[in-house]
Amino acid sequence: MKKYIFKSIYFLSLICFSQENNPQFYASSIKAQDLKNLLYVYASDYFEGRGTGQIGQKRAVEFLRHFYKKENIKAAKDTEDYFQYFNATITQQRGTRTRLKLDKNGEISTENVVAIIEGSEKPEEYIILSAHLDAVGLKKGEIHNGADDDGSGTVALLEIAEAFQKAKINGYGPKRSIVFIHFSAEENGLKGSEYYSLNPIYELSKTRVNLNIDMIGRIDPKRKDNNPNYIYLIGSNRLSSDLHEISEKINMKTENLLLDYKYNDPKDPNRFYERSDHYNFAKNNIPVIFYFSGTHEDYHKPTDTAEKILYDLLEKRTRLIFYTAWEIANRDESVSLDK
Ligand SMILES: [Zn+2]
């Protein structure tokens with residue numbers, strides 16, 4: 001009985017003194033198990049590899065919309081209930097038996113999914129967090145589930161949105177607005193982000209930063225060190241040394257991952273800086289960070305499946321992105337561009 005009373009007091013004090021204005025409190029809601037539960041659904045065969053314009057991609061956008069509704073996170077303005085429709089030109093793969101119905105211009109209708117948590121003090125400044133919702137789809141009758149590419153980024157974004165919404169409910173919502181964008185047609189040449197950058201819902205001149213997540217659930221087999229606690233950061237210092245410093249400082253204070261800038265080298269032949277959706281923001285002089293854990297033997301193959309994801313690692317990387325977004329959204333100064 002004594003033990004029981006002691007325990008109760010202990011837990012009560014935890015509840016009373018947990019700092020609800022502290023990002024740690026919300027970061028702890030981002031859990032490996034939650035990421036896993038979401039990804040086992042999102043990268044399941046039901047979504048048929050989420051090929052742009054295919055039935056599985058339509059199921060994916062419904063799944064995302066349902067998530068934001070359930071969390072009470074608002075649809076972005078000027079969308080049709082979270083959907084920003086656009087037409088993407090799709091080059092059909094040879095030898096693919098496809099169910100795509102292209103219009104006479106060889107285009108197909110698809111949609112970005114856009115949600116927002118409005119800022120409490122500077123609602124007209126925007127931080128965009130993004131991941132692409134599509135994957136390679138059905139090819140030669142085989143489903144390319146895209147668990148890492150980019151199911152990992154997608155579920156990370158959902159968990160981050162949920163954490164920010166929890167903070168908002170407790171009265172600690174972000175001071176700047178956070179826009180969550182799931183881009184479609186990334187695999188067809190960054191089409192969803194290109195469309196957004198040409199038809200922005202929120203002014204690009206007031207968009208301060210884009211943090212883009214594309215493949216953060218695995219370990220790059222090319223790495224020789226035995227430290228799994230790394231992430232590749234690309235772009236952080238290209239337009240804003242301010243952003244780079246914030247990102248470094250926040251990482252040191254929180255997850256303390258090894259931040260590897262190998263692929264940020266402008267001379268790197270992979271040119272990853274130009275290969276995911278953040279590039280359409282960088283082109284418009286908006287500072288970006290691209291979070292990435294590297295390619296692997298299952299990249300763009302039917303074997304990129306949910307059971308190969310390292311969920312504890314995915315949790316740490318997701319939390320780091322959350323903390324970085326929290327800092328950028330809440331600090332007094334906006335992230336500044338280099339002169
Ligand atoms: Zn990708």
Side-chain angles (χ1 to χ4, degrees), residues 35 38-39 42-44 47-54 56-57 60-61 63-64 88 90-91 93 110-113 128-139 142-160 180-197 210-222 231-235 262-264 268 270-283 288-306 308-310 313-314 317-318 321:
L35 292 158
L38 285 168
L39 193 55
Y42 196 69
S44 68
F47 294 93
E48 297 187 359
R50 309 184 300 278
T52 299
Q54 298 177 8
Q57 183 256 297
V61 294
F63 174 87
L64 298 170
I90 306 280
T91 32
Q93 305 277 340
T110 187
E111 47 283 288
N112 295 325
V113 179
I128 293 184
L129 308 186
S130 59
H132 69 86
L133 66 92
D134 61 307
V136 182
L138 264 175
K139 267 163 72 179
E142 280 194 285
I143 297 174
H144 294 59
N145 300 93
D148 193 25
D149 185 11
D150 185 24
S152 62
T154 302
V155 299
L157 203 57
L158 297 179
E159 281 289 296
I160 291 170
F180 302 91
I181 312 186
H182 300 263
F183 289 117
S184 191
E186 192 271 353
E187 300 290 3
N188 311 92
L190 318 185
K191 296 287 167 57
S193 52
E194 180 185 66
Y195 182 83
Y196 183 91
S197 69
N210 169 228
L211 305 182
N212 183 47
I213 319 169
D214 193 355
M215 301 175 72
I216 58 163
R218 300 272 298 256
I219 291 177
D220 181 349
K222 294 184 286 301
I231 187 157
Y232 297 122
L233 260 53
I234 301 166
K262 163 184 158 132
Y263 292 124
N264 189 43
D268 184 83
N270 292 292
R271 303 183 78 86
F272 287 123
Y273 184 61
E274 286 139 58
R275 281 177 54 189
S276 187
D277 291 310
H278 56 273
Y279 189 56
N280 282 312
F281 293 100
K283 267 190 193 163
V288 304
I289 304 178
F290 171 24
Y291 296 90
F292 177 56
S293 54
T295 57
H296 43 73
E297 63 279 12
D298 301 309
Y299 175 61
H300 283 184
K301 301 243 170 69
T303 47
D304 178 8
T305 48
K308 291 180 184 154
I309 300 297
L310 302 159
L313 205 47
L314 178 57
R317 290 164 175 164
T318 305
I321 300 162

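No hydrogens, no waters, no symmetry mates; every other heavy atom, side chains included, goes into these values. For ligands, and for the atoms within them, numbers begin at 1 and follow the listed sequence.
A donor-acceptor contact shorter than 3.5 Å is absent between the side chain of Asn188 and the backbone of Thr52. The backbone N or O of Gly137 lies less than 3.5 Å from a partner atom in the side chain of His144, making a donor-acceptor pair. With hydrogens and angles disregarded, no donor-acceptor distance shorter than 3.5 Å links the side chain of Asn145 to the backbone of Gly49.
The aromatic rings of Phe183 and Tyr196 sit perpendicular, their planes meeting at an angle over 60°, well past the 30° parallel limit. Below 30°, between 30° and 60°, or above 60°: for Tyr232 and Tyr263 the angle between ring planes is above 60°, a perpendicular geometry.
Protein N/O/S atoms found under 2.8 Å from the Zn ion (ligand 1): His132 NE2, Asp149 OD1, Asp214 OD1, Asp214 OD2.
Tyr42 has its ring centre less than 6.0 Å from the ring centre of Phe47.
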